Protein chains: 2
Amino acid sequence: MDSVGEILGSLAVELKRGTLVLTVLSQLITKEYGYSLVQKLEEKKVPIEAGTLYPLLRRLEKQGLLQSEWDTGESRPRKFYVLSEKGKDVYIQLKDEWRTISKQMEILLREEEKNEPD
Amino acid sequence: MDSVGEILGSLAVELKRGTLVLTVLSQLITKEYGYSLVQKLEEKKVPIEAGTLYPLLRRLEKQGLLQSEWDTGESRPRKFYVLSEKGKDVYIQLKDEWRTISKQMEILLREEEKNEPD
DNA sequence: TACAATAGTGTATGACGTACAGTATAATAA
DNA sequence: TTATTATACTGTACGTCATACACTATTGTA
């Protein structure tokens, strides 16, 4: 049987799981490259491991939601990503989905708090 | 390459994924049995398959977050579940975690909408 | 009597973030 | 000049867990 901390840790990972894609899509309305995106999300208190982000970017591109292009003009080559047209469509709909889920959850939680406040 | 519908479907599943545990914990501050819980969540527009709920209830009990007891007084035996003390603790903390993530996500989404409205 | 509803158990599969290992080179510090 | 850090990315095995069924049993209703 796990401790409260361990259980919370893994549940928090699950909570973040789906939000990761929405987070990343939301940041790629304007083009970004991977390393910069890791840093920007860090600043916005939404930390993400580079080892998580890069595979996710590739998967989203494979699914046609992102487009990438290499910029080799700088001292280091950088792979820029931006939402494709399909990606914009998915982003808008996923945003709505998120808000629906978020609202429903808040309703459930408030109902229970009303019945039995902490 | 998948269609928008397919991609949205699987992303929506991921969005719901973590919220499932919080949803179920929130409904078990007062004791419930599985079949009734499926129906109540259906009414609250948070549908969940019975085949998803029963294994989840067992897993949460195994983790010590729920306690169960059989009620064999009715015509059909029913397994009632309720939060344990540990479960109440996890529930409160997970609720906070949810609200943090929810707020952060909303900030990210509003920032992007400000920059480039739909 | 047949079918639907009630109530639950069991489990293989697929999706995906985590947690690394790894590569390469430019920039900076010593 | 050398060592270390920062920048930037690729690759992949593993663990977790919801889904999607199959299944069982019996009560209640048509």
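The model shown is predicted, which means the values in this text are computed figures rather than measured ones.
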Looking at dT19(D), dG8(C), dG17(C), which one has an atom nearest to any side-chain atom of V13(B)? dT19(D)
Nearest whole Å is fine: how far is dT26(D) P from R78(B) CZ? 17 Å
Kindly determine whether Y35(B) and R76(B) satisfy side chain to side chain contact (heavy atoms under 4.5 Å, CB included), including the steps that lead there. CA-CA 11 Å; Y35(B) 192 84; R76(B) 294 176 187 289; over 6 Å; no
Between L57(A) (CG) and dT10(D) (P), how many Å, whole number? 9 Å
With sugar-phosphate meaning primed atoms plus P, OP1 and OP2, does E74(A) contact a base, only sugar-phosphate, or nothing at under 4.0 Å between heavy atoms? nothing
Between E61(B), E32(B), Q67(B), which is the residue that forms a side chain to side chain contact (heavy atoms under 4.5 Å, CB included) with Y81(B)? E61(B)
Toward the 5' end of DNA chain C, which comes first, R76(A) or K16(A), by nearest nucleotide? K16(A)
If I take atom OH in residue Y54(A) and atom P in nucleotide dG17(C), what distance separates them, rounded to the nearest angstrom? 16 Å
Is K79(B) touching bases, backbone alone, or none of the nucleic acid, heavy atoms closer than 4.0 Å? sugar-phosphate
Could you tell me whether the phosphate oxygens of dA18(D), OP1 or OP2, come under 4.0 Å of any side-chain nitrogen or oxygen in R59(B)? yes
When you measure from the side chain of Y35(A), which nucleotide among dA18(D), dT7(D), dT6(C) comes out closest? dT7(D)
Within the 4.0 Å heavy-atom criterion, would you say S75(B) contacts the bases, only the backbone, or no part of the nucleic acid? sugar-phosphate
Report which part of the nucleic acid E49(A) touches: base, sugar-phosphate, or nothing (heavy-atom distance under 4.0 Å, all strands). nothing
Minimum heavy-atom separation for P47(B) and E42(B), please, with both atom names. CB-OE2, 3.8 Å
Look at the side chain of Q104(A) and the backbone N and O of K45(B), then say whether any donor-acceptor pair between them is shorter than 3.5 Å. yes
Just how far, in rounded Å, is P of dT12(D) from CG of L53(A)? 18 Å
Does S10(A) or Q39(A) map to a spot on DNA chain D nearer the 5' end, using the closest nucleotide for each? Q39(A)
For the pair made of CH2 in W70(A) and C1' in dA8(D), what is the distance, rounded to whole Å? 8 Å
Residue-phosphate contact under 4.0 Å: Y33(A) side-chain N/O, dA8(D) OP1/OP2: yes
Base, sugar-phosphate, or nothing for G34(A), non-hydrogen atoms under 4.0 angstrom? sugar-phosphate
Students often get this wrong, so: under 4.0 angstrom with heavy atoms, is R17(B) touching a base, only sugar-phosphate, or nothing? base
Give the cluster check for Y33(A) versus L65(A): same hydrophobic cluster or not, with ILVMFWY residues linked at side-chain heavy-atom distances below 4.5 Å. no
Atom-pair distance (CG on L60(A); C1' on dA15(C)), nearest Å: 13 Å
Given atom NZ of K62(B) and atom P of dC17(D), what is their separation to the nearest angstrom? 11 Å
Would you indicate what P55(B) reaches in the nucleic acid, counting non-hydrogen atoms under 4.0 angstrom: base, sugar-phosphate, or nothing? base
Rounded to whole Å, please give me the gap between CD in E14(A) and C1' in dC16(C). 10 Å
Heavy-atom donor-acceptor pair, S68(A) side chain to K79(A) backbone, under 3.5 Å: no
